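Here is how names work: the chains are called A, B, and so on, in the same order as the sequence lines, proteins then strands, and each is numbered from 1. Predicted model, so just to flag it, every value in this text is computed and none were measured.
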There are 2 protein chains.
Amino acid sequence: MAVSLQVLRAQQPGALTTSCPGRVVLDHVTSKWGVLVLGALADGTLRWGELRREVDGISEKMLASTLRTFEADGLVERRAYPEVPPRVEYLLTPLGEDLAEAIAPLLTWVLAHAEEIVGRRAAQR
Amino acid sequence: MAVSLQVLRAQQPGALTTSCPGRVVLDHVTSKWGVLVLGALADGTLRWGELRREVDGISEKMLASTLRTFEADGLVERRAYPEVPPRVEYLLTPLGEDLAEAIAPLLTWVLAHAEEIVGRRAAQR
DNA sequence: CAGTATCCTGATTGATACTG
DNA sequence: CAGTATCAATCAGGATACTG
């Protein structure tokens, strides 16, 4: 049987309703840049500038905001080195690594089917 | 080895960059209500009203918008019955069911760790 | 290099009304 | 029942400039 909201709620009533903590976490992960930042860090530590380049198109503001959110969630760790010029590294915590594994199927699925989907949309008109 | 943007790009250069079709699809799926609508339909066919109740908090406008997007993507099918009162059912296509399986790990992970994450955030101040 | 500050647009929401 | 239309309000996100 498929994993659906109904199935999840059979075990955990009220799961992913407005008042459920899961909604907060899901909102962070599915925020505009959430999965891309997690996907970039899934390979290991990256510096601010590297991260900005990996997550193509992200603004500095949104990168900072996304990272602060994940830091507060305990998913990402920030390491600043008191050097000149400054160096700051970001990496997934064990919890973050666990989450990264959970979103991996989504990333691979999307890449495998993107052409098919976008192609159909184009053909519709 | 973890599935990361870097690993995906080793096989598919430019994967999930701004110009990649995958970004379009990923944006649809991780849109504000995307995974919740997919999660609700993962269990089977639902009517408009049922869907609205399952996806707690969604407005009619956003439900309509999300469904139209997924219809155009070929992920959701709409079946209207010419009856009085009208009846309309929504269900996942085979492609949509496949996607639902890919997001299942995310949903279960989020529910399993939400308390832990939200609790830590609260404790930080 | 690694950010913050500021301003501004556009997406999302809410409320309400209306229709086949 | 299953929507669409419209308007106002809010807020996430974008663009640009600046700093330790």
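Listed here is the closest heavy atom pair of A:Thr17 and A:Arg23: O-CG, 3.1 Å.
Side-chain nitrogen and oxygen atoms of B:Trp33 include none within less than 4.0 Å of the OP1 or OP2 phosphate oxygen of C:dA11. For the OP1/OP2 pair of D:dG3 and a distance below 4.0 Å, the side-chain nitrogens and oxygens of B:Arg68 include at least one atom meeting the criterion. Contact check, A:Arg53 against C:dC1: no side-chain N or O comes under 4.0 Å of OP1 or OP2. For the OP1/OP2 pair of C:dA2 and a distance below 4.0 Å, the side-chain nitrogens and oxygens of A:Arg47 include at least one atom meeting the criterion. Side-chain N/O atoms of B:Arg78 include one lying less than 4.0 angstrom from OP1 or OP2 on D:dG3.
The existence of a salt bridge linking A:Arg9 and B:Glu54 is confirmed by a sub-4.0 Å separation between a basic side-chain nitrogen and an acidic carboxylate oxygen. Residues B:Arg120 and A:Asp73 are not paired through a salt bridge, judged by the lack of any N-O separation under 4.0 Å between the basic side chain and the carboxylate. Look at B:Arg52 and B:Glu50 and you find no salt bridge, because none of the NZ, NE, NH1 or NH2 atoms lies under 4.0 Å from a carboxylate O.
Residue B:Tyr81 is classed as having no contact, given no heavy-atom separation below 4.0 Å to the nucleic acid. At a threshold of 4.0 angstrom between heavy atoms, the contacts of B:Lys32 are confined to the sugar-phosphate backbone, with no base atom among them.
Interface remark: the B:Lys61 side chain does not form any donor-acceptor pair with the D:dT4 base, using a distance-only criterion of under 3.5 Å.
Here the side chain of A:Thr108 pairs a donor or acceptor atom with the backbone of A:Ala104 at under 3.5 angstrom. A distance-only check finds no donor-acceptor pair linking the side chain of A:Glu89 to the backbone of A:Ala80 [under 3.5 Å].
In this structure, the NE2 atom of A:His28 is 12 Å from the C1' atom of D:dA12, given to the nearest Å. Rounded to an integer number of Å, the gap from CD of B:Glu89 to P of D:dC1 is 15 Å. Rounded to whole Å, atom C1' of D:dA2 lies 18 Å from atom CZ of B:Arg79. Taking atom CD of B:Glu60 as the reference point, atom P of C:dT19 lies 16 Å away to the nearest angstrom.
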_Dot-bracket notation for DNA chain D, counting Watson-Crick and G-U pairs under 3.5 Å, with | for partners on another strand_ = ||||||||||||||||||||

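Considering B:Val25, B:Asp98, B:Leu99 as possible partners of A:His113, the one that fulfils the side-chain contact (heavy atoms from CB on, under 4.5 Å) test is B:Asp98.
Of the two residues contacting DNA chain D, namely A:Gly57 and A:Pro86, the nearest-nucleotide position lying further toward the 5' end is that of A:Gly57.
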